Amino acid sequence: MDNANLVEAKDGTIAVASAFPGHHEVVQDRDHKFLTRAVEEAYKGVECGDGGPFGAVVVHKDEVVVSCHNMVLKHTDPTAHAEVTAIREACKKLNKIELSDCEIYASCEPCPMCFGAIHLSRIKRLVYGAKAEAAIAIGFDDFIADALRGTGFYQKAHLEIKQADGNGAMIAEQVFEKTKAKFAMY
């Protein structure tokens, strides 16, 4: 750790820079390259009318596996966000459900659904460009974490969220116990 340098980012976070000269710049250039590709996808998706201004790129060993944009309008599917679409396509292309040796670059901070998909796919690294507030400022209200807690400043949905009472919850929970032997996940 003696050879490491502490680097303070603009947001005040502190990271440990590598002992290798130029490492930080190489990583920054690489991130810029793939993030630029994700932003290009965002523009592409808007230009062709497929969906909102969001793009995502999945990278494996410094190679782009897939480059996708938001497809919500094209597929009439509210879950067809850029990150989810990219993860689906990368899994198909690589023929696996775990992307632990991949990274994802997103033009915007992922919403909770997309973050959940990133987490479930075991992607090892996420790099995003714009903060969620940039999307919220132009009317995108997909940032549902606060809505689930009922604390959202931008909360527009009037959605009741409730766990089923009594027998309904019990029979839904039993499916996990009764099928667990068939799923040796990771």
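Source: prediction; values computed, not measured.
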Residue pairs passing the side-chain hydrogen bond (donor to acceptor under 3.5 Å, both in side chains) test with at least one member in residues 110-120, sequence neighbours excluded, are none
Residues at least two apart in sequence or cross-chain that pass side-chain contact (heavy atoms from CB on, under 4.5 Å) with T76, listed by chain then number, are none
**Prompt:** In terms of ring plane angle, is the pair F54 and H81 parallel, tilted or perpendicular, where the classes change at 30° and 60°?
**Reply:** parallel
Contacts of K96 meeting side-chain hydrogen bond (donor to acceptor under 3.5 Å, both in side chains) (sequence neighbours excluded), chain-then-number -> D101
Residue set satisfying ring-ring contact (aromatic ring centres under 6.0 Å, His included) with Y128, at least two apart, ordered chain then number -> none
Across all chains, not counting sequence neighbours, the side-chain contact (heavy atoms from CB on, under 4.5 Å) partners of A134 are A130
With sequence neighbours left out, the residues meeting salt bridge (Lys or Arg N to Asp or Glu O under 4.0 Å) with K92 are E89
side-chain contact (heavy atoms from CB on, under 4.5 Å) filter on K33, not counting sequence neighbours, yields none
The side-chain hydrogen bond (donor to acceptor under 3.5 Å, both in side chains) partners of D62 (sequence neighbours excluded) come to R30
L94 and C102 have their tightest heavy-atom pair at CD1-SG, 3.9 Å
Residue pairs meeting side-chain hydrogen bond (donor to acceptor under 3.5 Å, both in side chains), one or both in residues 41-51, sequence neighbours left out, come to E41-S67, E41-H69, D50-H69
Residues at least two apart in sequence or cross-chain that pass side-chain hydrogen bond (donor to acceptor under 3.5 Å, both in side chains) with D77, listed by chain then number, are T79
Residue pairs passing the salt bridge (charged side-chain N to carboxylate O under 4.0 Å, His left out) test with at least one member in residues 110-119, sequence neighbours excluded, are none
Taken in chain and number order and not counting sequence neighbours, the residues that satisfy side-chain contact (heavy atoms from CB on, under 4.5 Å) with A56 are A82, E83, A86, I104
